[in-house]
Amino acid sequence: MQSELETSVRLRFAPSPTGYPHLGNIRTVLFNWLFARHHGGKFILRIEDTDVARKVEGAVEAILDSLRWLGLDWDEGPYFQSQRLPIYHEITQSLLQKGHVYSCYCSPERLQTMRQEQAKRKQPPKYDRRCRDLTQQERAQMEATGVTPVIRFRTPLDGETTICDLIHGPITFKHDTLDDFVLLKSDGYPTYHLAVVVDDHLMAISHVLRADEWLSSTPRHVLLYQALNWQAPQFAHLPIILGPDRARLSKRHGATSITEYQKQGYLPDAMANFLALLGWSLDDRTELLSREELIKHFSLERVGKAAAIFNKDKLEWMNGVYLRKLSPDEFAQRAMPFLDRDLPESVKRPLDSSYVSRVLSLIQERARTLAQAPQLASFFFLDELQYDTGLLLCGKLDAQSTAKAVTTALQYLEGVMNWNATDLENILRPLAGELSSGTREFFGLLRVAVTGRTAAPPLFQTMAILGKEKCLKRLNTALQLLSNLC
RNA sequence: GCCCCCAUCGUCUAGAGGCCCAGGACAUCAGCCUUUCAAGCUGAAGAUCAGGGGUUCGAAUCCCCUUGGGGGCACCA
């Protein structure tokens, strides 16, 4: 049975469609989602599209896609603030009547020069409240000029507001460090401060988990809640995620949008696990947690305060762990699109799925991302291998003895009836001693001939999958290359 | 300039006064396994707990200062 607290837990993710969601955004969603699911509450999606100018085409779809990819489902929404304008207007009217807000007629130009002068005088940039106490007559005059005013909040001149952050504890802000912020823009759209407060209240949001960058605007929101006579939700400000250079995550840090990680072949579960550990931990040793375990154990008490630097190496490692945990079938199913996308064009499509499955069984353990699969497996698909002939001579043997070794191997292989890994090994292993200094050299030589590389999956399994015809052909090619060196 | 937040190995972190001359993970290095690679196993190195003052019998843990880092101060969110 759920307690009353649990049924009333309502979280939300409220991105603005001004770009594609990046790691930081997604980590925030994850925490919101985990908290909601942990408490059996609701998770709501709301699009804060109140900035017409900065709106980015396709951003909303990218947000929805990212959430779906990560399996972060929502119970309500998406709501769009741009469709809720009348609500904000109505609330603004009531605030106006109660005297909590006022119309401001200052032009953007005036505000800008004001700020410039403040900067020159090393003063904090703050609205000088010129329109705060206009007389009725002055207001009428301004209205008559036809300028559309903005609506500003009448911030108390003295006193202070203490917010009780669930992660940081109590934090006090003096009102005289705040200014009269804008609630309604002249284009009729609300600012973030108005819209977020109104919607969080109307949507009965119980907990606001958002990034630390919002911490200093929280007193404004609390003041607004008070003016509206509404109960404020609980706030929890999450540590920010930084790039390796300790700067905020941005384009410069390579893959920043979450869809990019999808393209690079990371698994949603690995991503979620990794992101959960950025700012949260279960204990001193548990690192690998399934979706269910994350939900079960997530709590705000175990969220840290310090900003975290994104460590891609660890993400890759973890993704490798998840990749290896997949069943062979599932791995093949997931890797197939990547092969299709990234294998050279010369490779005929559609790919033979049963061949692909066998190939991928050797790749699974070696790939840290799905996008590495095509590169790891390419020699299985190519007709002609391109490699440096010198690789054939990496051991102590000269070109002639090497050629002899290959020739002998070919002789034996041609007669093989059952082309499988065990038989191949049984035939080739005894040859290593007589033809070369040992298995390392002999098998190494064959490996280069058959795969074109010095690092590849186990030789005999590789040959078995490649098939007799292809192997013999490649060994003959190697022989030709060697004859050029003799 | 003002306000706010933060500070444990390179990185993610454990640590809520004695269990810590600080534990785990990634990365690094070495060894084992082995036909190469990967995986796996074992081990090493890596943090005077930013610095300085207190409080205390005792501090990474509490308080203060300093320093450093980050965030905010738009008719952006």
Side-chain angles (χ1 to χ4, degrees), chain A residues 14-19 48-51 53-54 104 106-108 111-112 115 118-127 148-152 165 168 171-174 176-179 181-187 189 191-193 195-196 211-219 237 239-240 242 244 246-248 274 277-288 301-302 304-318 320-321 324 362-368 376 394 425 428-429 432 438-448 451 453-460:
Chain A
S16 67
T18 53
E48 311 223 317
D49 54 348
T50 56
D51 188 342
R54 289 206 311 154
C104 168
C106 297
S107 70
L111 295 174
Q112 202 191 341
R115 274 186 224 110
Q118 285 166 337
K120 220 179 289 174
R121 277 178 273 137
K122 305 237 183 224
Q123 287 176 333
K126 274 168 65 178
Y127 176 55
T148 315
V150 301
I151 304 295
R152 285 183 187 273
D165 189 273
H168 294 276
I171 303 166
T172 300
F173 296 85
K174 291 197 170 61
D176 61 14
T177 63
L178 271 29
D179 72 348
F181 51 100
V182 174
L183 292 182
L184 202 63
K185 303 183 253 184
S186 56
D187 64 2
Y189 280 77
T191 61
Y192 172 79
H193 302 304
V196 78
D212 256 340
E213 58 198 283
W214 294 108
L215 193 51
S216 36
S217 45
T218 307
H237 288 90
I240 289 184
L242 307 172
R246 309 207 112 267
R248 300 176 72 171
F274 175 78
L277 259 19
L278 236 42
W280 175 86
S281 62
L282 174 59
D283 54 31
D284 61 341
R285 52 195 68 251
T286 313
E287 303 245 60
L288 267 12
E301 288 79 62
R302 299 205 57 87
K305 297 176 182 176
I309 293 174
F310 166 57
N311 180 193
K312 194 170 180 178
D313 277 341
K314 190 157 181 173
L315 204 213
E316 273 208 15
W317 163 77
M318 191 172 276
V321 173
R324 274 174 255 128
L362 296 186
I363 299 304
Q364 179 163 10
E365 193 178 69
R366 294 167 173 76
R368 304 191 115 200
L376 289 168
C394 53
E425 179 162 8
L428 292 171
R429 190 174 282 280
T439 52
R440 177 179 293 263
E441 187 172 52
F442 184 52
F443 293 169
L445 158 63
L446 296 179
R447 176 176 305 105
V448 171
T451 69
R453 347 179 149 179
T454 54
L459 181 59
F460 307 114

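Scope of the values below: all heavy atoms of this structure, side chains included, with no hydrogens, waters or symmetry mates. Here is how names work: the chains are called A, B, and so on, in the same order as the sequence lines, proteins then strands, and each is numbered from 1.
Residue-level contact check: A:R324 touches the backbone only, with heavy atoms under 4.0 Å from sugar-phosphate atoms and none from bases. At a threshold of 4.0 angstrom between heavy atoms, the contacts of A:C104 with the nucleic acid are absent. Nucleic acid contact for A:A456: base, since at least one base atom lies under 4.0 Å from a heavy atom of the residue. Looking at heavy-atom distances under 4.0 Å, A:V150 makes contact with a base. A:T439 comes within contact range of the sugar-phosphate backbone alone, with a heavy-atom separation under 4.0 Å but no base atom that close. Across all strands, A:T18 comes closer than 4.0 Å to no nucleic acid atom at all (heavy-atom distances). Among the protein residues, A:L277 comes within range of the sugar-phosphate backbone only, with heavy atoms under 4.0 Å from sugar or phosphate atoms but none that close to a base. Backbone-only contact: A:R115 has heavy atoms under 4.0 Å from sugar-phosphate atoms and none from a base. At a threshold of 4.0 angstrom between heavy atoms, the contacts of A:G279 are confined to the sugar-phosphate backbone, with no base atom among them. Heavy atoms of A:P219 sit nowhere under 4.0 angstrom from any nucleic acid atom. Using a 4.0 Å heavy-atom criterion, one finds that A:E48 contacts the sugar-phosphate atoms exclusively. Within the 4.0 angstrom heavy-atom criterion, base atoms lie near A:P457. Across all strands, A:T50 comes closer than 4.0 Å only to sugar-phosphate atoms, never to a base (heavy-atom distances). Residue A:F173 is classed as a sugar-phosphate contact, given heavy-atom separations below 4.0 Å to backbone atoms only.
For the OP1/OP2 pair of B:C6 and a distance below 4.0 Å, the side-chain nitrogens and oxygens of A:H168 include at least one atom meeting the criterion. One finds no side-chain N or O of A:K174 lying less than 4.0 angstrom from the OP1 or OP2 phosphate oxygen of B:C2. Phosphate contact (OP1/OP2 of B:G15, side-chain N/O of A:R302, threshold under 4.0 Å): present. A close approach under 4.0 Å does not occur between any side-chain nitrogen or oxygen of A:S216 and OP1 or OP2 of B:C3. Listed pair A:R246 / B:G70 fails the phosphate criterion, with no side-chain N or O lying under 4.0 Å from OP1 or OP2. Proximity of A:K122 to the phosphate of B:C73: no side-chain N or O atom is located under 4.0 Å from OP1 or OP2. The phosphate of B:A27 has OP1 or OP2 within less than 4.0 Å of a side-chain N or O from A:R368. In terms of phosphate contacts, A:R447 brings no side-chain nitrogen or oxygen within less than 4.0 Å of OP1 or OP2 of B:C37. Between A:K314 and B:A25 there is no side-chain N or O to OP1 or OP2 distance below 4.0 Å.
The side chain of A:I309 has B:C12 as its nearest neighbour among B:C37, B:C12, B:A7. Comparing B:A14, B:G24, B:A77 by their closest approach to the side chain of A:D284 singles out B:A14. For A:R248, the side-chain atoms get nearest to B:G72 when compared with the rest of B:G72, B:A74, B:U35. The side chain of A:R440 lies closest to B:U36 when the candidates are B:A27, B:U36, B:U13. Closest to the side chain of A:R285, out of B:G24, B:U35, B:A14, is B:G24. Between B:A39, B:G1, B:C4, one nucleotide has an atom nearer to the side chain of A:P125 than all others, and that is B:G1. In the set B:C26, B:A77, B:C37, the nucleotide with an atom closest to the side chain of A:D313 is B:C26. The A:S281 side chain lies nearest to B:A14 when the options are B:A14, B:C37, B:C75.
Note: NZ (A:K312) to C1' (B:G10) measures 18 Å, nearest angstrom. For A:E316 and B:U28, the CD to P distance is 11 Å, given to the nearest whole Å. B:A74 atom C1' lies 10 Å from atom CG of A:D51, rounded to whole Å. Summarising the geometry, the separation between CG on A:L278 and P on B:A25 is reported as 18 Å, rounded to the nearest angstrom. Summarising the geometry, the separation between CZ on A:F274 and C1' on B:C26 is reported as 9 Å, rounded to the nearest angstrom. Whole-Å rounding puts the A:W280 CH2 to B:A14 C1' distance at 13 Å. As a whole-Å value, the separation of A:L184 CG from B:A77 P is 11 Å. One atom, CG of A:L242, and another, P of B:U13, lie 10 Å apart when rounded to the nearest Å.
The NE2 atom of A:H237 lies 3.0 Å from the OG1 atom of A:T218; values are rounded to the nearest 0.5 Å. The structure places CG of A:L183 at 11.5 Å from NZ of A:K185, a figure rounded to the nearest 0.5 Å.
Using cut-offs of 30° and 60° for the angle between ring planes, the A:Y192 and A:W214 rings count as parallel.
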Kindly determine whether A:Y127 and A:C106 satisfy side chain to side chain contact (heavy atoms under 4.5 Å, CB included), including the steps that lead there. CA-CA 10 Å; A:Y127 176 55; A:C106 297; 3.2 Å; yes
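Formation of a donor-acceptor pair under 3.5 Å by the A:K314 side chain with backbone atoms of A:F274 is not found in this model. Proximity of a side-chain donor or acceptor of A:R302 to a complementary backbone N or O of A:S281 within less than 3.5 Å is detected. Between the side chain of A:R447 and the backbone N or O of A:L459, no donor-acceptor pair lies under 3.5 Å.
With C1' as the reference atom, B:G52 and B:A7 are 15 Å apart, rounded to whole Å. Between B:C3 and B:G15, the distance separating the two C1' atoms is 31 Å to the nearest Å. Across B:A25 and B:C21, the matching C1' atoms stand 23 Å from one another, rounded to whole Å. Here the separation of B:U28 from B:C12, taken at their C1' atoms, is 16 Å to the nearest Å. A distance of about 25 Å separates the C1' atoms of B:C33 and B:G24, rounded to the whole Å.
Residue A:R440 places its CZ atom among 12 or fewer non-hydrogen atoms of other residues, nucleotides or ligands, all under 6.0 Å distant.
Nearest-nucleotide positions on RNA chain B place A:Q123 closer to the 5' end than the other of A:R366 and A:Q123.
Two residues are said to be in side-chain contact when any heavy atoms from C-beta on lie closer than 4.5 Å; A:P219 and A:L178 meet this criterion.
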